[in-house]
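Quick note: residue numbers are just sequence positions, from 1.
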Amino acid sequence: MRILLTNDDGIEAEGLACLERIARTLSDDVWICAPAVEQSGKGRGITLTEPLRVNRMGDKRFAVTGTPTDCVVLAVNDLMPERPDLVLSGVNRGHNVGEDCSYSGTVAGALQGMAFGIRSIALSQSLERFHDEVTAHWETAETHAPPILSRLMAQEWHEGVMWNINFPARAPEAVTEVEVTRQGFRQIGEMHAVKRTDLRGRDYYWMSFRGEKQDHAPGTDLRAMDEGRISVTPLHIDLTHRPSMHDLKGVLGGAVPRTVG
């Protein structure tokens, strides 16, 4: 099995080294194509207004001056001699649950693999607190990911689906359950901009999260992280809200309306 690894924390990230160790429990044919610098929060962004530079960092290892999506596109179409059988994205430093999934570069890397028709999985390691001084429990992802990946690879997958796996912020021996979850949603207002002033008196802003404790719904990825379970969520790109589509057909279906009101 040929495996392609990417991430959004950058080619030198601890999580990518962790992911490589995980991948090598499944195969010896492991390729890495990751951003040269951190690309967190870039979602499914692609680089259109400037060229992409590729730096060969070693055998089957490339750094790209672009996003995770750029990395997967380049690796699959140009850098690898044959398409991979599996794309793994991560292991992200910090979980990617709830609405994180819509702007996560980690999830985006797996989504691009899925768009190519390749089995793809995003992996993230939750933190007790998102701060540089906090050390992630990489050993938790490294311990529990291989058997979970093995079981997923043995299953039939629906077309157009990827898997989003999140490991809780606990030591490996403290994690005893896996839950197949749905994507949850936080209360509105957790993400906000912090206003500051530079030395010239000009305002600038840092995007931030309040991180307030919330009671998340049972069965969601958010609740699984709160309660120390591994969360495994099937995701796909289709954003269509089908009930609204059905309701609107009786109003807008057919001839183009000519009057207002």
Would you check, one step at a time, whether the test salt bridge (charged side-chain N to carboxylate O under 4.0 Å, His left out) holds for Glu99 with Arg186? CA-CA 7 Å; Glu99 63 274 19; Arg186 298 179 180 87; 3.5 Å; yes
Pairs flagged by side chain to side chain donor-acceptor pair (under 3.5 Å) wherever residues 111-120 is involved - sequence neighbours left out: Arg44-Gln112
Please check this pair: side chain of [X] against backbone of [Y], looking for a donor-acceptor N/O pair closer than 3.5 Å.
X	Y	answer
Asn166	His95	no
Asp9	Gly90	no
Thr220	Gln183	no
Thr6	Cys71	no
Thr197	Asp203	no
Thr143	Glu139	yes
Ser89	Thr106	yes
Arg229	Asp221	no
Thr25	Pro146	no
Gln125	Pro168	yes

Using a 4.5 Å cut-off between side-chain heavy atoms of Ile, Leu, Val, Met, Phe, Trp and Tyr, which other residues end up in the same hydrophobic cluster as [X]?
X	value
Val64	Leu4, Trp31, Leu52, Val54, Phe62, Val72, Val73, Leu74, Val76, Leu79, Met80, Val87, Phe116, Ile118
Leu248	Val251, Leu252
Met225	Val97, Leu222
Ile46	Leu48

Considering all heavy atoms, the nearest [X]-[Y] contact:
X	Y	result
Val161	Pro234	CG1-CB, 3.8 Å
Gly45	Thr67	O-OG1, 2.6 Å
Leu19	Leu88	CD2-O, 3.6 Å
Pro35	Gly66	CB-O, 3.4 Å
Glu142	Cys18	CB-SG, 4.0 Å
Gly43	Thr69	O-OG1, 4.1 Å

Just verifying a value: how many Å separate [X] [atom1] and [Y] [atom2], rounded to the nearest 0.5 Å?
X	Y	atom1	atom2	answer
Ile165	Ser231	CD1	OG	9.0 Å
Tyr103	Asp8	OH	CG	12.0 Å
Leu152	Leu86	CG	CG	9.5 Å
Ser126	Ile230	OG	CD1	12.0 Å
Phe167	His137	CZ	NE2	14.0 Å

Salt bridge between Arg170 and Glu227, side-chain N to carboxylate O under 4.0 Å? no
Would Arg2 and Asp85 pass as an ion pair if we require N to O under 4.0 Å? no
Between Glu38 and Ser40, does the side-chain hydrogen bond (donor to acceptor under 3.5 Å, both in side chains) criterion hold? Intermediate values first, please. CA-CA 6 Å; Glu38 185 175 349; Ser40 295; 2.7 Å; yes
How about [atom1] on [X], more than 12 heavy atoms from neighbouring residues, nucleotides or ligands closer than 6.0 Å, or not?
X	atom1	answer
Arg182	CZ	yes
Met245	CE	no
Asp198	CG	yes

Test Thr181 against Val232 for side-chain contact (heavy atoms from CB on, under 4.5 Å), laying out the working first. CA-CA 6 Å; Thr181 59; Val232 182; 5.9 Å; no
Partner residues of Arg242 under the salt bridge (Lys or Arg N to Asp or Glu O under 4.0 Å) criterion, sequence neighbours left out: Asp238
ILVMFWY network linking Met114 to Ile3, side-chain heavy atoms under 4.5 angstrom: no
In this structure, would Ile32 and Met1 fall into the same cluster of hydrophobic residues linked by side-chain contacts under 4.5 Å? yes
Give the intermediate values and the outcome of side-chain contact (heavy atoms from CB on, under 4.5 Å) for residues Val134 and Arg93. CA-CA 10 Å; Val134 176; Arg93 185 178 182 276; 4.2 Å; yes
What do the steps show when you test Glu20 against Lys60 for salt bridge (charged side-chain N to carboxylate O under 4.0 Å, His left out), and what is the final call? CA-CA 12 Å; Glu20 183 174 3; Lys60 301 180 182 179; over 6 Å; no
Any luck finding a side-chain donor-acceptor pair between His241 and Ser244 under 3.5 Å? yes
Indicate whether the side chain of Ser104 and that of Asn96 have a donor and an acceptor atom separated by less than 3.5 Å. yes
